[in-house]
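Residues: numbered from 1 along the sequence shown.
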Amino acid sequence: MNTTRIRRARRAGAAMIAAGLLVGGLAACAPSAGDSESDAPIPAEGTDDGTTLTLWTRAPIERQAKLLVDAYNASHENQVELTVVPNDDYVAKVGAAAGSGGLPDLFAADIVYVPNWAEQGLFQDMSEQIDGLDFKDEINPGHLAAGTVDGAEYVLPFALDLSMLFWNKELFAEAGLDPEKAPATLEEFAEAAMAVQALDKPDTYGTATGLNCGGCLVFTWFPSIWASGDEVMNEDGTESLLDSDSAQAVYDTWAGLEEAGAVLPSSTDEAGPTWTAAFSEGKVGVMPFPATLLPSLEFDAGVAGIPGVDGGASTFVGGDGIGISKDSKKSAQAWNFLNWMMSEDAQVEVLAKDGNAVSRGDLADNEYAAADPRLVTINEVAAQGDTPVALNFQQAFNAPGSPWLTLVRNAVLNGEDSVPADNDEITAVLSQ
């Protein structure tokens, strides 16, 4: 995991939380997790006294959030009320609540936004509590680094989500492909997609993606660039490097698949909400796909790292971090939830049992992962992945109509030779 980019991005300064909105008037330093109405120190395990806590999360990690909240509520006096917000609405909702003092007790954040929100003072400082954990050194370093500002720690991993190459073994077998063998290069990925397309099965396509979803595309296409030995941004997160030869190979590969009709037609306008649906329904042969959805698949799927141009494998180490909001007056009770969330009981018996990656290295080799070789693969590839973070990541890549989306659509759908110019537009946003 490369955390240099994360550390440098944190020091670059504050940025917008949502389009046109800054969290004005926030203190330069966030309150500590002991700052409450009583200012009493927080016990090591927090306080479990029947308090009702509020928690917000975004829709993509709803399954994991519900599992954790339900297990906590069933075993504790405290009760957590979970609110799941549509992904496209989440940034604006958090920004508005932060400006009005209306944040919930706990809230999760896409890990690429955590540096901004931590630096803006939206989370309480949990340094004392996190440093007191016996297993601190085993916690996912990318998530911890993203939520650390000037040595103060603000978030813990809530849910890890990794982009992996998934394929439908039944469709591979029908297409004459080895269902147990992963495509090892970008070209082999394209060949596999074309082979499934050649089956000419009704409503079945070689591959799929979200060509109007910037977040989907960074999650699934960046790993091919990393696996090829290149970067997507400079270390400061202020310059786009998405005009490299390996990046161009990614665009050319998808443009070829699109021209051949091997891409699910709805991918053209897919903005995110249903970009994984067709594969989940068994209608797509092979595609980069979120590892968190593995437990929900009702057919046999192969799983491997996302390949580069000439081989290798990588993944986007995404997911969400979670912290106690600046507005919470229930810090001790909120820490009780977070402390339990990081425990072996929660990580293994709740998350791993459901087929999810755990956030602690010392628990990666658990009984549930050992029972499914695909989970072992996911854990192994995680070490080869990256978490790109820039203060203006949202505007450059994830926002509707972002310059990244313009680059992809021009290169893949419109056949325009504008990658260098479009890459410059991404840099212009990153460097603001």
Side-chain angles (χ1 to χ4, degrees), residues 1-19 22 91 109-120 141-142 145-150 163 186 213-254 306 308-309 312 314-318 384-412 416-432:
M1 174 77 61
N2 183 353
T3 59
T4 302
R5 184 181 301 105
I6 298 173
R7 289 194 292 270
R8 292 192 179 184
R10 289 202 311 266
R11 296 196 294 268
M16 287 186 183
I17 285 185
L22 282 171
V91 172
D110 188 324
I111 201 65
V112 299
Y113 301 148
V114 163
N116 271 344
W117 291 356
E119 188 152 359
Q120 287 280 359
T148 301
V149 179
D150 297 328
S163 53
L186 199 58
C213 171
C216 306
L217 294 165
V218 300
F219 187 61
T220 55
W221 290 16
F222 281 10
S224 284
I225 299 171
W226 294 326
S228 303
D230 288 329
E231 296 292 337
V232 299
M233 292 185 291
N234 68 345
E235 289 187 350
D236 294 326
T238 58
E239 179 186 358
S240 175
L241 305 176
L242 290 164
D243 57 351
S244 65
D245 289 345
S246 57
Q248 186 66 60
V250 174
Y251 315 141
D252 290 346
T253 297
W254 281 92
I306 296 174
V309 175
S314 191
T315 179
F316 191 115
V317 185
Q384 305 171 47
D386 207 342
T387 306
V389 176
L391 287 174
N392 291 329
F393 197 98
Q394 162 71 9
Q395 300 96 309
F397 297 107
N398 286 9
S402 70
W404 161 241
L405 268 180
T406 298
L407 183 154
V408 170
R409 294 180 71 83
N410 281 341
V412 175
E416 297 183 18
D417 186 18
S418 58
V419 168
D422 291 338
N423 181 70
D424 289 343
E425 291 300 314
I426 300 174
T427 293
V429 174
L430 290 173
S431 62
Q432 289 177 358

Which atom names give the shortest non-hydrogen contact between [X] and [Y], and what distance separates them?
X      : Y      : result
Thr238 : Ser431 : O-CB, 3.6 Å
Leu430 : Ser240 : CD1-N, 3.8 Å
Val218 : Pro223 : O-CD, 3.8 Å
Ser228 : Gly308 : OG-CA, 3.4 Å
Ala249 : Val309 : CB-CG2, 3.7 Å
Asp230 : Ser244 : OD2-OG, 3.8 Å

Please determine, by modelled atom types, if Asp252 and Gln248 share a side-chain donor-acceptor pair under 3.5 angstrom.
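Yes.
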
Please list, chain by chain and in numerical order, all residues satisfying side chain to side chain contact (heavy atoms under 4.5 Å, CB included) with [X], sequence neighbours excluded.
X      : result
Asp243 : Val419, Asn423
Glu239 : Asn234, Leu241, Thr427
Ser402 : Trp404, Leu405
Ser224 : Leu186, Val250, Ile306

Nearest 0.5 Å, please: how far is [atom2] in [Y] from [atom1] in [X]?
X      : Y      : atom1 : atom2 : answer
Phe222 : Glu231 : CZ    : CD    : 11.0 Å
Asp386 : Phe316 : CG    : CZ    : 8.5 Å
Asn398 : Leu217 : CG    : CG    : 10.0 Å
Ile426 : Leu407 : CD1   : CG    : 5.0 Å

Taking only residues two or more places apart in sequence, or in another chain, which ones meet Trp221 in a ring pair (Phe, Tyr, Trp, His ring centres under 6.0 Å)?
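Listed in chain order: Trp254.
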
Residue pair Trp226 / Pro388, side-chain heavy-atom distance below 4.5 Å
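In short, these two side chains touch, coming nearer than 4.5 Å.
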
Would you call the rings of Phe393 and Phe397 parallel, tilted or perpendicular, taking 30° and 60° as the class edges?
tilted

side-chain hydrogen bond (donor to acceptor under 3.5 Å, both in side chains) partners for Asp422, two or more places apart:
Asn410, Ser418

Would you say the side-chain atoms of Thr387 pair up with the backbone N or O of Val317, donor to acceptor, closer than 3.5 Å?
yes

Determine, step by step, whether Thr406 and Glu425 satisfy the side-chain contact (heavy atoms from CB on, under 4.5 Å) criterion, reporting the C-alpha distance in whole Å, the side-chain angles of both residues, the deciding distance to 0.1 Å, and the verdict.
CA-CA 9 Å; Thr406 298; Glu425 291 300 314; over 6 Å; no

